A.B. asks: 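Right, I'll just put the structure down here and ask away after.
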Amino acid sequence: MSSGARQCSRHSGAQVLDKTPLRRRRREDRPNRFRRGVFLLPSLFTVANLFCGYACVVYSTRSDFDTAAVFIGIAMVLDTLDGFFARLTNPSSAFGVELDSLADVVSFGLAPAILAFTWGLWPLGRLGWAAGFLYVTAAAMRLARFNVQSSTTTASTDKRYFVGMPSPAAAGIIASTVYFYPYGLQERETALSALAMVLVPGFLMVSTIRFRSVKVMDVGWSRSYLSLFLGAVAIALVALHPQITLVVLSYSYTAAALIVWGYTRLRRRPSEHVSGDVRPQDHHIDSSP
């Protein structure tokens, strides 16, 4: 074999050796690329959630109230999917957490307030937009408190409950009401009833009343076909009568939390009376010479 042929064979062999580690590195990078793609999926749902909030504002200014309310409902579904995929992939991204909070402020704070104002609060003038501003402030405070509690959470924290009404549930009160009656309120006397639709959820968001988390709710049907059937019934009811079903679901969730809170307060009163009878006697004994 000539020297030229030997050099060509050596050169080709060196290229094969150089390409082999490169191909191996590409194969090893494929799982990492997949992980980055999976971690990006929750953020994509968050961006879609933000788009729904923006679309709700646009359609509210065009007086297309039923479409605007539907966008809030879609945002609630996307927010649930965002949390589901975040727990599934378990990505610890501070950027994703902050982006989700900012998107929720728009979709479940600003958008419902503008929808409520253009739908029924505008006849009240300054009182109407002041009520909408209070709702936006309450939603922002609710999300800020949730972030602080999540960052300082402990193992003993009961994850079955939220402290204060979740902002998607509060936005669902406004969206379901508007979707049930999308014609708007034109008179000042009827517009006064819309204040409760905005102020009550706003107060509940900054309150300390506990609301049950639907995501971790377990009623003992996890291994039963009954839960799947009831889910199908709920979907059928929403498809058959969406206006009535969504209003009933949103208001029932709020009423259930208030009923449980009131029952808990009434059950604690007997023990408070007993302790109140004992404390004055102990105080009298301690103050005697």
Side-chain angles (χ1 to χ4, degrees), residues 52-76 104-143 162 164-209 211 237-238 240-263 265:
C52 290
Y54 171 75
C56 175
V57 174
V58 172
Y59 280 94
S60 297
T61 56
R62 296 172 57 181
S63 298
D64 193 353
F65 301 128
D66 50 352
T67 305
V70 168
F71 272 109
I72 291 182
I74 298 175
M76 295 172 64
D104 288 348
V105 170
V106 175
S107 299
F108 306 129
L110 182 63
I114 293 179
L115 175 61
F117 179 80
T118 55
W119 175 78
L121 292 178
W122 66 268
L124 301 177
R126 295 181 180 180
L127 179 61
W129 64 256
F133 171 72
L134 291 177
Y135 178 87
V136 175
T137 305
M141 293 176 60
R142 170 69 180 85
L143 292 167
F162 293 111
M165 189 176 192
S167 58
I173 292 288
I174 298 176
S176 62
T177 305
V178 173
Y179 190 64
F180 179 77
Y181 187 79
Y183 310 106
L185 304 178
Q186 308 297 329
E187 302 295 333
R188 181 180 177 86
E189 290 74 14
T190 57
L192 290 173
S193 60
L195 287 175
M197 181 188 69
V198 175
L199 295 179
V200 172
F203 169 76
L204 293 177
M205 280 192 290
V206 297
S207 68
T208 57
I209 299 176
F211 285 78
L237 290 176
V238 172
L240 185 62
H241 297 290
Q243 291 88 352
I244 299 176
T245 304
L246 293 176
V247 166
V248 170
L249 290 177
S250 60
Y251 280 85
S252 296
Y253 178 75
T254 306
L258 294 178
I259 291 173
V260 172
W261 174 77
Y263 174 75
R265 298 278 295 182

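Computed from a predicted model, the values in this text were never measured in an experiment.
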A.B. asks: To the nearest 0.5 angstrom, please state how far the CG atom of Leu204 sits from the CZ atom of Arg142.
C.D. replies: 11.0 Å

A.B. asks: Taking the side chain as every heavy atom from C-beta outward, state whether Tyr253 and Pro166 have any pair of such atoms under 4.5 Å apart.
C.D. replies: yes

A.B. asks: For the side chain of Ser107 and the backbone of Asp104, is there at least one donor-acceptor N/O pair under 3.5 Å apart?
C.D. replies: no

A.B. asks: From Ile114 CD1 over to Tyr59 OH, what is the distance, rounded to the nearest 0.5 angstrom?
C.D. replies: 15.5 Å

A.B. asks: Counting neighbours of OH on Tyr251 that are heavy atoms of other residues, nucleotides or ligands and sit closer than 6.0 Å, is the number greater than 12?
C.D. replies: yes

A.B. asks: To the nearest 0.5 Å, how far apart are CD in Glu187 and CG in Leu124?
C.D. replies: 11.5 Å

A.B. asks: Side chain of Ser193, backbone of Thr190: donor and acceptor closer than 3.5 Å?
C.D. replies: yes

A.B. asks: Atom OG in Ser207, atom CH2 in Trp261: separation rounded to 0.5 Å?
C.D. replies: 8.5 Å

A.B. asks: Just verifying a value: how many Å separate Ile174 CD1 and Met197 CE, rounded to the nearest 0.5 Å?
C.D. replies: 5.5 Å

A.B. asks: Sub-3.5 Å donor-acceptor pair from the side chain of Ser167 to the main-chain atoms of Phe108, do we have one?
C.D. replies: no

A.B. asks: Taking Tyr135 for the side chain and Ala171 for the main chain, is one N or O donor matched with an acceptor at less than 3.5 Å?
C.D. replies: yes

A.B. asks: Taking atom CH2 of Trp129 and atom CG of Leu134, what is their separation to the nearest 0.5 Å?
C.D. replies: 10.0 Å

A.B. asks: Could you please spell out the steps behind the side chain to side chain contact (heavy atoms under 4.5 Å, CB included) verdict for Arg62 and Thr67?
C.D. replies: CA-CA 10 Å; Arg62 296 172 57 181; Thr67 305; over 6 Å; no

A.B. asks: Quick one: does any side-chain atom of Trp119 pair with a main-chain N or O of Ser60 as donor and acceptor, under 3.5 Å?
C.D. replies: no

